[in-house]
S.K.: 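If you scroll down you'll find the structure; I have some questions about it.
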Amino acid sequence: MPDVSGKGLVAAYQALNYDNTVHLKDGRGAGRHVLWPGSWKVCDQYPKAGTPFSHRPITLTVVKARESCGAGR
């Protein structure tokens, strides 16, 4: 699993070969939906970077690009 935390959502999709099984979770807990991936960034990922890429579900926690993830990202 590549490290996509801190990247823009478009770059994350590219790193994941545009896998359509990627699930997105609103990092603010507001249940927002991503309509324009270029406006969002990845704060966290599951599975974590370095985990063998073995057809398991991928969840990316995202916020709007202008928002803070916390922890300096």
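Count residues from 1 along the sequence.
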S.K.: Roughly how far, to the nearest 0.5 Å, is the NZ atom of Lys25 from the CG atom of Asp44?
M.R.: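 Between Asp44 CG and Lys25 NZ, I get 8.0 Å after rounding to 0.5 Å.
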S.K.: Look at the side-chain heavy atoms of Ile, Leu, Val, Met, Phe, Trp and Tyr, link any pair under 4.5 Å apart, and say whether Ile58 and Val63 land in one connected group.
M.R.: no
S.K.: On a heavy-atom basis, which atom in Pro47 and which in Pro57 lie closest, and how many Å separate them?
M.R.: CD-O, 3.6 Å
S.K.: Do Val22 and Val62 share a hydrophobic cluster (ILVMFWY, side-chain heavy atoms under 4.5 Å, transitive)?
M.R.: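 Linked, Val22 and Val62 end up in one cluster.
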S.K.: Where is the tightest heavy-atom contact between Val4 and Ala15, given as atom of each residue plus distance?
M.R.: CG1-CB, 3.8 Å
S.K.: Show the nearest heavy-atom pair for residues Ser68 and Lys41, with the distance to one decimal.
M.R.: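 Reported closest heavy-atom pair: CA-NZ, 4.4 Å.
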S.K.: Return the CD to CG distance between Gln45 and Leu16, rounded to the nearest 0.5 Å.
M.R.: 7.5 Å
S.K.: Take Asp3 and Lys7, measure what salt bridge (Lys or Arg N to Asp or Glu O under 4.0 Å) needs, and give me the verdict at the end.
M.R.: CA-CA 9 Å; Asp3 185 3; Lys7 294 185 179 192; over 6 Å; no
S.K.: Any side-chain heavy atom of Leu24 within less than 4.5 Å of one from Thr59?
M.R.: no
S.K.: Please assess Arg56 against Thr51 for the test side chain to side chain contact (heavy atoms under 4.5 Å, CB included), listing each intermediate value before the final yes or no.
M.R.: CA-CA 10 Å; Arg56 57 169 80 180; Thr51 302; 3.8 Å; yes
S.K.: As a quick check of understanding, evaluate side chain to side chain contact (heavy atoms under 4.5 Å, CB included) for Trp36 and Lys64, giving each step before the final call.
M.R.: CA-CA 10 Å; Trp36 186 254; Lys64 293 269 190 165; over 6 Å; no
S.K.: Is it true that Leu35 and Tyr13 fall in one hydrophobic cluster, defined by side-chain heavy atoms closer than 4.5 Å?
M.R.: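 No, Leu35 does not connect to Tyr13 through the hydrophobic network.
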S.K.: How many angstroms lie between atom OG1 of Thr61 and atom CG of Asp26, to the nearest 0.5 angstrom?
M.R.: 9.0 Å
S.K.: How far does NE2 of His23 sit from OH of Tyr46, to the nearest 0.5 angstrom?
M.R.: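 His23 atom NE2 to Tyr46 atom OH measures 12.0 Å (nearest 0.5 Å).
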S.K.: I need the Lys48 NZ to Ser5 OG distance, nearest 0.5 Å.
M.R.: 6.0 Å
